[in-house]
Every structure is written in structure tokens, then in C-alpha cells.
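I have placed the structure first, in the form of C-alpha cells, so that the comments after it can refer back to it.
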Amino acid sequence: MGFLVYLLPFLFLAGVTFMTYVSKLNLKSYKAILFLGLLPAALIAILSGDSGTDKSSYYIWISNTFEGDIDKIAYEPGFKYLTYWLSLIYPSEYFIIPVVGLITTIFLWLAFSDSKWRLIVFTFLLFPFFYFDMTMNGLRYGLSFAISAYAAKLILEDKVKSFFFFGLLAVSMQYSSIIIIAMIYFSRINFKKIHTVLLIVVVYVLFNVLDLSYFDNKVDMYKDLTKPSGISGITPLILFTLIFGLNWFLNKKINKIFFIIFGLQIASFILSLSSYSGLRFQSLFIFTLLIYIAFFQEIKEFKKRYLIYFILIGFMSFSLKIRNFMNEEKEVTTPFLPYEFYWER
């Protein structure tokens, strides 16, 4: 199946969100609205067969988790044991991968369904660029980032203990989310000496508990890859700049943390000129920006005509992602396009 299998669910979600915003609905929660709007896309992700660039690699990694020596699996312990526990229900990578996609979807649904503002940010800024990639390709970062977004919601509600629990859970799924969790926490508190002690303790615990052989494997992997093309990082940089600029335009005055994230995005772009790791960090800081826009600010007077800016960025972002799907390397064994359902495998 062609790209319409991804486009139609996006159009449906966009339509549901648009109608919700222009209506006079004023609900305490928009969980039912987002559930309805996200359902077609979730079905596409969960029912997919051999579609998703890295899915073929996950077939091998996950099957090794329950068929081989689990101690030799070289990715994050949280994801490793999650997939192992799921294998106790049904020991098949073809079962476990869709369930991981479902869990990721549930965390995104819980995080972004509390207000119309978060619904708009999710639909037009996060979904087009991230959703199918998070649930069908980069499963570890997808689940980790989704949990991080939910943790952001919790700290906003002053549920600090729950924030730390889900923050650590997110980091255990993929280590890079520690950047998101740390930025959220230290930007939300008045930094005192006790927080320095806490930071030292957390770093010590992480370096003693986490499997640091993972980082050695990452270094070896990036070393063996050819350098990305000089323009690979342009797309995420343009997308970040447009979202950042729109947010600045709507708010007039924004917190300095946004400029810090912007600086980190620029540094990641420079890194992307010589290493694929830079591209990963670019995506991370786009997601971090979206978390701050969704949870730690809200436009006081969001006029209906502003929605067109979000719609334009959403469709541009979706077009860029589809272009990436179409330009996948020919040797990829589980490409996004053509799409196939699991029964077509």
C-alpha cells in the first residue's frame, strides 16, 4: 500500500482536532476526543507487518531476548526486560513489537489529552513527524519519549514522586531521554545545594546500574557508519526553527529555556555534519521543544486564525517524513513503503 495509508489517518486526526477546536466544547478532559482521532493511526501502527526501517533489527534483538542469552542483549535494561516479560505472555517478536507500539500510543494519549492546547500541539506538531516513526521504527526512543511526555504532565501536576518514577522508567527504555527528564526537572525548580547532591546521587546510581557496554556498542556502530550527507540535518533544523519561530510569535515573550534548547539544536546540527548521532540529538531536541510548548506554557489568547499556522507546519512536517519513507535505502528489508499489514507478511 502507498503513502495514503499514513496520510488518511493524519487527515482524520487533523479533522477531529480542528472540529473540536472550532466547536464550543469546553471539557475537563479530551481523552475521548483524542482516542477517536488517534484510533485509525494506532491501528495502522499496531497491525503493520514488515513495515518500519529498523523493524527487521528489532525482530532479531527481541527474539534473542527470549531465545538466547538475555544478559548479552546490548540495549537498555528497561526495554530488554519489558520485551522479556511480554514474551512470557506470548513468545513472538511479531506479538511483542505491536504491543510496544500500543504502550507508546497509550502514554502519548494520556499525556496530550488534557486540554485543547495539548491536542493541537500533538496533532499538528508532534504526530506528523514522530508518531509512525515512534511506533513502527525507533521503538526504544519512541516509548522512552512518550513516557517522558507523560512525566512532564505529572511534574506539572506537582506529582514529583510519580515524575521521578516515570522519568527513570523512560531512561531505562532509552538512555538519551535522561536529557529530557533532567531539563524538565531542573528548569522547574529553584536550584539549591540539595539538588546538587541529588544530581550527584542520580549520576552515581545511573553509572552503577545501567549497562555501560551499550555506549561502547553505540560508539562502534557510529564509527562504522558512513558520514551522513551534508544536508541530512537541514530538514530537522528547518522544522525546529519553524516551530520555535511560531511559538515565539504567538507568545511574544518566551522563557530562556527555549533559547537553550535552540542552542542545543544548533550544536546537534553541527554534529550531524560528521556523525549520525547528531541527527538523533536533533530529533530529541525537537521533541523536547514540543514538551515545553505543550506543558509549560499556553497561549492566553489563541485566536482561531492562528490554527492555520499549525496546520501548515503539520502538513509540511508530514511531507518531510513521507519523503524520508520514500527515500529509504533499497537494502532496507522492512521499509515503510510499501506498507503491509501483518497478515500480508
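All figures in this text were calculated on a predicted structure; none of them were measured in a lab.
Under a cut-off of 6.0 angstrom, the local environment of NZ in Lys31 is crowded, with over 12 non-hydrogen atoms contributed by other residues, nucleotides or ligands.
The nearest pair of heavy atoms linking Val171 to Glu76 is O-CG, 4.4 Å. Closest non-hydrogen pair, Ser268 versus Phe281, comes out as OG-CB, 3.3 Å. Between Ile44 and Pro9, the closest heavy-atom pair is CG1-CG, 3.9 Å. Residues Ala151 and Ile181 approach most closely at CB-CD1, 4.2 Å, considering heavy atoms. Counting all heavy atoms, side chain and backbone alike, Ser144 lies closest to Ser177 at OG-OG, 2.7 Å. The two atoms that bring Leu284 and Ser176 nearest to each other are CD1-O, 3.3 Å, heavy atoms only.
Atom CD1 of Ile293 is separated from atom CD1 of Ile120 by 12.5 Å, given to the nearest 0.5 angstrom. For the atom pair OG (Ser272) and CG (Leu237), the distance works out to 8.0 Å, reported to the nearest 0.5 Å. The CD1 atom of Ile62 lies 5.5 Å from the OG1 atom of Thr83; values are rounded to the nearest 0.5 Å. Remark: Phe166 CZ to Leu169 CG distance equals 7.0 Å, nearest 0.5 Å. Atom CG of Leu34 and atom CG of Leu108 lie 8.5 Å apart (nearest 0.5 Å). In this structure, CD1 on Ile311 lies 5.5 Å from CZ on Phe18, to the nearest 0.5 angstrom.
Phe145 and Phe287 have tilted rings, their planes meeting at an angle from 30° to 60° on a 0 to 90° scale. Relative orientation of the Tyr81 and Tyr84 rings is perpendicular, given thresholds of 30° and 60° on the angle between their planes. In this structure, Phe79 and Tyr75 have perpendicular ring planes: the angle between them is above 60°, well past the 30° mark.
When atom types are taken as modelled, the side chain of Asn137 and the backbone of Asp54 share a donor-acceptor pair closer than 3.5 angstrom. Remark: side-chain polar atoms of Ser63 are paired, donor with acceptor, to backbone N or O of Ile60 under 3.5 angstrom. Looking only at distances, a side-chain donor or acceptor of Ser51 sits under 3.5 Å from a matching main-chain atom of Glu340. Put simply, the side chain of Tyr175 never gets that close to the backbone of Ser172: no donor and acceptor are under 3.5 Å apart. For Ser87 (side chain) and Phe66 (main-chain N/O), no donor-acceptor pair under 3.5 Å exists by modelled atom type. With hydrogens and angles disregarded, a donor-acceptor distance shorter than 3.5 Å links the side chain of Asn251 to the backbone of Asn247. Judged by distance alone, with hydrogens and angles left aside, the side-chain atoms of Gln282 form no donor-acceptor pair with the main-chain N or O of Gln265 at under 3.5 Å.
Here the two rings, on Phe10 and Phe315, have centers that are under 6.0 Å apart. When ring centroids are compared, Phe341 and Tyr339 come within the 6.0 Å threshold. If you look at Phe112 and Phe295, their ring centroids are closer than 6.0 Å. The six-membered or imidazole ring of Phe325 lies near that of Tyr6, with a centre-to-centre distance under 6.0 Å. Residues Phe262 and Phe244 bring their aromatic ring centres within 6.0 Å. Checked against the 6.0 Å centroid criterion, the rings of Phe127 and Phe318 do not qualify as a close aromatic pair.
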Acceptor/donor pairs from residues 90-101 side chains to any protein atom, 3.5 angstrom cut, sequence neighbours excluded:
residue : atom : partner : partner atom : Å
Ser92   : OG   : Tyr94   : N            : 3.2

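For the side-chain contact (heavy atoms from CB on, under 4.5 Å) test with Phe285, the passing option among Ile260, Leu290, Leu264, Ile266 is Leu264; the others fail. Exactly one residue among Thr334, Asn64, Asp50 makes a side-chain hydrogen bond (donor to acceptor under 3.5 Å, both in side chains) with Tyr59. That residue is Asp50.
Proximity of Leu143 to Ile103: side-chain heavy atoms (C-beta onward) are separated by under 4.5 Å at one or more points. At least one side-chain heavy atom of Ile261 sits under 4.5 Å from a side-chain heavy atom of Met183. A heavy-atom distance below 4.5 Å is found between the side chains of Leu250 and Phe310. Val121 is not listed as a side-chain neighbour of Leu126, based on a closest heavy-atom distance of 4.5 Å or more. For the pair Arg140/Trp61, a side-chain contact is recorded, criterion being any heavy-atom separation below 4.5 Å from C-beta on. Using a 4.5 Å heavy-atom cutoff, the side chains of Ser277 and Leu271 are in contact. Using a 4.5 Å cut-off on side-chain heavy atoms (C-beta onward), Leu239 and Ile313 make contact. Here the side chains of Ile257 and Phe296 are not in contact, with every heavy-atom distance at 4.5 Å or above.
Relative to the six-membered ring of Phe249, Lys252 meets both conditions, a distance below 6.0 Å and an angle of at most 45° to the axis.
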Verdict with reasoning, Thr105 to Leu38, per side-chain contact (heavy atoms from CB on, under 4.5 Å): CA-CA 9 Å; Thr105 302; Leu38 193 52; 3.7 Å; yes
side-chain contact (heavy atoms from CB on, under 4.5 Å), that's the test. Do Phe164 and Tyr185 meet it? Break it down for me. CA-CA 9 Å; Phe164 277 115; Tyr185 180 68; 3.5 Å; yes
Apply side-chain contact (heavy atoms from CB on, under 4.5 Å) to Ile46 and Tyr342, showing your working. CA-CA 9 Å; Ile46 294 166; Tyr342 75 89; over 6 Å; no
If you apply the rule side-chain contact (heavy atoms from CB on, under 4.5 Å), what do you find for Thr17 with Thr20, and how did you get there? CA-CA 5 Å; Thr17 299; Thr20 301; 5.6 Å; no
Quick one, Thr104 with Tyr131, criterion side-chain hydrogen bond (donor to acceptor under 3.5 Å, both in side chains). Give me CA distance, side-chain angles, the key distance, then yes/no. CA-CA 9 Å; Thr104 299; Tyr131 180 74; over 6 Å; no
Intermediate values then yes/no, ring-ring contact (aromatic ring centres under 6.0 Å, His included), Phe259 and Trp248: CA-CA 10 Å; Phe259 294 100; Trp248 197 357; 5.1 Å; yes
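Note on residues 115-134: pairs passing salt bridge (Lys or Arg N to Asp or Glu O under 4.0 Å), not counting sequence neighbours, are Asp114-Arg118.
For the residue pair Tyr141/Ser283, the side-chain donor-acceptor check at 3.5 Å is not satisfied. For the residue pair Arg323 and Thr235, a side-chain donor N or O sits within less than 3.5 Å of a side-chain acceptor on the partner. Counted by atom type alone, Lys55 and Ser48 present one or more donor-acceptor pairs between their side chains at under 3.5 Å. At a cut-off of 3.5 Å, with distance as the only test, no side-chain donor of Asn255 or Tyr292 sits close to an acceptor on the other residue.
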